[in-house]
Engineer: 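One structure coming up, written as structure tokens, with questions to follow.
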There are 2 protein chains.
Amino acid sequence: MLSSANKYAIRSVLFLALYTNESKKIGAKEIADKLESPQPFLAKLLQQLTRDKLISSTKGPNGGFFLSKKNKENTIWDIIKSIEGAKKFDQCFLGLSKCSDEKPCPVHYIVSGFKEKILKEFKDKTISHFADEVKRTGKILSLKEFNVFND
Amino acid sequence: MLSSANKYAIRSVLFLALYTNESKKIGAKEIADKLESPQPFLAKLLQQLTRDKLISSTKGPNGGFFLSKKNKENTIWDIIKSIEGAKKFDQCFLGLSKCSDEKPCPVHYIVSGFKEKILKEFKDKTISHFADEVKRTGKILSLKEFNVFND
DNA sequence: AATAAAAAAGATGTTTTAGTCTTGTTTTTT
DNA sequence: AAAAAACAAGACTAAAACATCTTTTTTATT
Ligand code: FES
Ligand code: FES
């Protein structure tokens with residue numbers, strides 16, 4: 001569905017939303033460690049997100065990545081666009097050149113309604129919305145013992 | 001979502017369901033041409049589907065691929081399993097090791113319900129069901145001018 | 001029997017995605 | 001000013017996905 005680049009990126013941003021702010025930053029190494037993702041690969045992704053102003057960073061000692069208030073008003077869709085472009089999601093499930101109600105493929109009506117609903121959530125709900133929900137309901141961000149409550 | 005291998009494979013089977021039977025076979029070259037897919041790549045996929053008895057074939061002059069009545073009782077899910085394995089669809093949208101209601105990731109409840117509904121359709125509806133529907137409603141299988149009615 | 005037409009099988013090549021490594025730049029601390 | 005700690009950038013490597021090419025096997029036609 002999503003590329004692994006995108007999965008790492010989304011989890012990183014949600015992680016930053018939960019644990020950082022203008023005065024508390026976290027380094028690439030620690031993020032990679034907590035999310036169990038390849039460190040140099042994730043560093044690239046963080047750079048990309050920084051370029052697109054979806055996350056913030058400062059260099060030097062005590063520097064690191066963090067989410068500003070403004071950053072938190074972005075959406076998961078913004079992350080997806082930054083990492084792999086939006087085109088992928090307009091495509092037909094069976095690979096036809098265009099996906100449309102006018103010229104539907106045999107599975108179009110099975111798939112396209114759901115796709116739109118999912119995309120709408122990703123386009124509408126902000127990062128801070130997701131972060132709040134994780135805090136409230138205790139959802140999981142990491143693969144290992146690390147749990148969002150132990151911190 | 002699906003690999004291109006899988007897309008080609010599913011379209012091929014639906015194509016065969018519409019245009020072939022025990023006494024009317026079609027060669028790999030023509031299928032590739034009609035579906036606008038890379039010919040040698042598709043030939044491999046057809047071989048794989050044949051090995052798994054999802055489609056039928058005969059060698060030699062006037063040989064080719066076709067769908068037997070039994071073949072038509074398979075499902076799209078059977079094709080997916082044959083081409084890229086079923087595991088992929090159990091995975092978490094954000095790449096966590098396990099996707100479950102017990103330990104949901106932040107997007108789990110956005111995504112997993114839809115995924116299950118789609119999968120159910122793919123597991124329940126037979127190829128002949130899809131073929132009938134295409135005949136009835138004129139859905140599209142190919143990228144180019146080729147239309148299911150012109151034949 | 002010879003030929004030709006098709007699929008089957010396996011080796012090989014290309015492209016994209018994933019991931020690493022090295023070097024440079026900025027900034028804080030001393 | 002020097003050193004150290006971080007991010008930034010770009011070159012590089014590895015693996016998977018995508019695709020092709022070549023040879024073999026089967027079978028209908030002549
Ligand atoms: S046309 Fe195939 S999914 Fe819409
Ligand atoms: S846990 Fe992530 S999609 Fe189910």
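The basis for the numbers below is simple: all heavy atoms, side chains too, and nothing from hydrogens, waters or symmetry mates. So that the names make sense, note that chain A is the first sequence line, chain B the second, and so on, each numbered from 1.
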Engineer: Any side-chain heavy-atom pair from B:L49 and B:F65 closer than 4.5 angstrom?
Structural biologist: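 No. Closest side-chain heavy atoms not under 4.5 Å.
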
Engineer: Between A:L49 (CG) and D:dA9 (P), how many Å, whole number?
Structural biologist: 13 Å

Engineer: Please state how far atom NZ in A:K88 lies from atom P in C:dT17, giving the value in whole angstrom units.
Structural biologist: 8 Å

Engineer: Can you tell me the distance, in whole Å, between the CG atom of B:L46 and the C1' atom of C:dA9?
Structural biologist: 14 Å

Engineer: Output the rounded distance in Å from CD (A:Q47) to P (C:dT22).
Structural biologist: 16 Å

Engineer: Are there any protein N/O atoms within less than 3.5 Å of an N/O atom in nucleotides 17-20 of chain D, and if so, which ones and at what distance?
Structural biologist:
{"unit_1": "D:dC18", "atom_1": "OP1", "unit_2": "B:S4", "atom_2": "N", "d": "3.4"}
{"unit_1": "D:dC18", "atom_1": "OP1", "unit_2": "B:S4", "atom_2": "OG", "d": "2.8"}
{"unit_1": "D:dA19", "atom_1": "OP2", "unit_2": "B:Y8", "atom_2": "OH", "d": "3.4"}

Engineer: Could you tell me whether A:K34 and A:E30 make a salt bridge, using a distance below 4.0 angstrom between a side-chain N and a carboxylate O?
Structural biologist: yes

Engineer: Rounding to an integer number of Å, can you tell me how far B:Q48 CD sits from C:dA7 C1'?
Structural biologist: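 Between C1' of C:dA7 and CD of B:Q48: 15 Å.
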
Engineer: Need to verify one output field. Residue with the more 5' nearest nucleotide on DNA chain C, A:N62 or A:N6?
Structural biologist: A:N6

Engineer: Under 4.0 Å between a side-chain N/O of A:T58 and OP1 or OP2 of C:dT26, yes or no?
Structural biologist: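 False: A:T58 side-chain N/O out of range (4.0 Å or more) of C:dT26 OP1/OP2.
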
Engineer: Using 30° and 60° as the class limits, which term best fits the ring planes of B:F89 and B:W77: parallel, tilted or perpendicular?
Structural biologist: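 Ring orientation, 0 to 90° scale: perpendicular.
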
Engineer: Can you sort out the partners of A:H108 under side chain to side chain contact (heavy atoms under 4.5 Å, CB included), two or more places apart, ordered by chain and number?
Structural biologist: A:C99, A:D101, A:P104, A:C105, A:S112

Engineer: Is the count of non-hydrogen atoms from other residues, nucleotides or ligands lying under 6.0 Å from B:K120 atom NZ greater than 12?
Structural biologist: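 No.
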
Engineer: Measure from CZ on B:F65 to P on D:dT26 and round the result to the nearest Å.
Structural biologist: 16 Å

Engineer: Could you go through the side-chain contact (heavy atoms from CB on, under 4.5 Å) check for A:L96 and B:L141 one step at a time?
Structural biologist: CA-CA 8 Å; A:L96 301 190; B:L141 270 179; 6.0 Å; no

Engineer: Grab the NZ-P distance between A:K25 and C:dT26 for me, whole Å please.
Structural biologist: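 Distance, rounded to whole Å: 17 Å.
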
Engineer: By the 4.0 Å heavy-atom rule, please label A:A43 as base, sugar-phosphate, or nothing.
Structural biologist: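 If one applies the 4.0 Å heavy-atom cut-off, A:A43 turns out to touch nothing in the nucleic acid.
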
Engineer: Rounding to a whole Å, what distance do you find between B:L45:CG and C:dA9:P?
Structural biologist: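 Rounding to the nearest Å, CG of B:L45 and P of C:dA9 are 14 Å apart.
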
Engineer: From C-beta outward on B:K59, which listed nucleotide comes closest to its side chain: D:dT25, D:dC7, D:dA9?
Structural biologist: D:dT25

Engineer: Do the side chains of A:E73 and A:K69 get close enough for a salt bridge, i.e. N-O under 4.0 angstrom?
Structural biologist: no

